Amino acid sequence: MDKNMLGDLDNLPEEDKLRMSAMIDQLQIRDRQLLRMYNSLVERCFTDCVESFRRKSLDKQEETCVRRCAEKFLKHSMRVGMRFAELNQGTATPD
């Protein structure tokens, strides 16, 4: 992590610094995961739907294909996320 990000936090207790650092690291991991998912979506739908480079814009068939592909991808991702959440709740241990 970049030390400049914590520059204003020098006056915090060490425990709080560590907690803030962990939170920032988690946010960075989440952002990388979202970017990876977005890139996967774009690559998959582009490969499946775009047939040629005749024009700079998509034709109607390609546009419909991309829309459906993106909707399916996002629905699938949400469903997988919900399923993982359900599994995590089932394995959680009581305090």
Side-chain angles (χ1 to χ4, degrees):
M1 178 175 47
D2 186 7
K3 288 289 185 189
N4 293 331
M5 294 175 80
L6 293 177
D8 294 335
L9 304 177
D10 286 337
N11 297 331
L12 289 176
E14 193 63 32
E15 182 180 326
D16 290 342
K17 287 181 193 177
L18 291 173
R19 198 171 322 151
M20 289 295 290
S21 177
M23 288 172 57
I24 291 169
D25 289 343
Q26 287 177 347
L27 290 172
Q28 289 174 341
I29 289 169
R30 188 199 67 192
D31 288 348
R32 281 194 298 270
Q33 290 171 337
L34 289 172
L35 185 58
R36 193 175 14 241
M37 185 177 89
Y38 174 77
N39 288 335
S40 177
L41 165 68
V42 169
E43 184 176 343
R44 172 75 184 259
C45 293
F46 182 84
T47 302
D48 288 353
C49 297
V50 178
E51 298 174 3
S52 71
F53 294 96
R54 296 182 302 260
R55 297 181 283 256
K56 63 181 179 180
S57 60
L58 299 174
D59 64 25
K60 192 69 170 173
Q61 182 180 1
E62 291 170 334
E63 189 176 329
T64 301
C65 180
V66 168
R67 186 179 305 112
R68 286 183 182 154
C69 178
E71 287 173 1
K72 283 182 181 180
F73 187 93
L74 294 173
K75 284 180 184 178
H76 170 75
S77 295
M78 287 181 4
R79 185 169 179 166
V80 168
M82 289 172 53
R83 184 65 179 133
F84 276 125
E86 290 172 4
L87 292 173
N88 280 338
Q89 287 178 355
T91 60
T93 59
D95 292 326

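None of the values given here were measured: they were computed from a predicted structure.
- One finds the OG1 atom of T64 at 5.5 Å from the NZ atom of K60 (value rounded to the nearest 0.5 Å).
- S77 places a side-chain N or O within donor-acceptor distance of the main-chain N or O of F73, the cut-off being under 3.5 Å.
- By the 6.0 Å contact criterion, CZ on R79 is open, its count of non-hydrogen atoms from other residues, nucleotides or ligands being 12 or less.
- In this structure, E62 contributes its side chain and D59 its backbone to a donor-acceptor pair below 3.5 Å.
- Here CD1 of I29 is found 12.5 Å from CD1 of I24. Values are rounded to the nearest 0.5 Å.
- Partners of D16 according to the side chain to side chain contact (heavy atoms under 4.5 Å, CB included) rule, which considers only residues two or more places apart in sequence or in another chain, are L12, P13, R19.
- A salt bridge is absent between E71 and R68; no separation between the charged side-chain nitrogens and carboxylate oxygens falls under 4.0 Å.
- Taking NZ of K17 as the reference point, atom CD of E15 lies at 12.5 Å (rounded to 0.5 Å).
- Grouping the Ile, Leu, Val, Met, Phe, Trp and Tyr side chains by contacts below 4.5 angstrom, directly or via other members, places F46 with L58.
- Rounding to the nearest 0.5 Å places CG of L18 at 10.5 Å from CG of D25.
- Residues V66 and E63 are not in side-chain contact: their nearest non-hydrogen atoms beyond the backbone lie 4.5 Å or more apart.
- The distance from atom CG of L35 to atom CG of N39, rounded to the nearest 0.5 Å, is 4.5 Å.
- At a threshold of 4.5 Å between non-hydrogen side-chain atoms, the residues M37 and L74 count as touching.
- Side-chain atoms of S52 and R54 include a donor-acceptor pair closer than 3.5 Å.
- Here the two cysteines C65 and C49 have their SG atoms closer than 2.5 angstrom.
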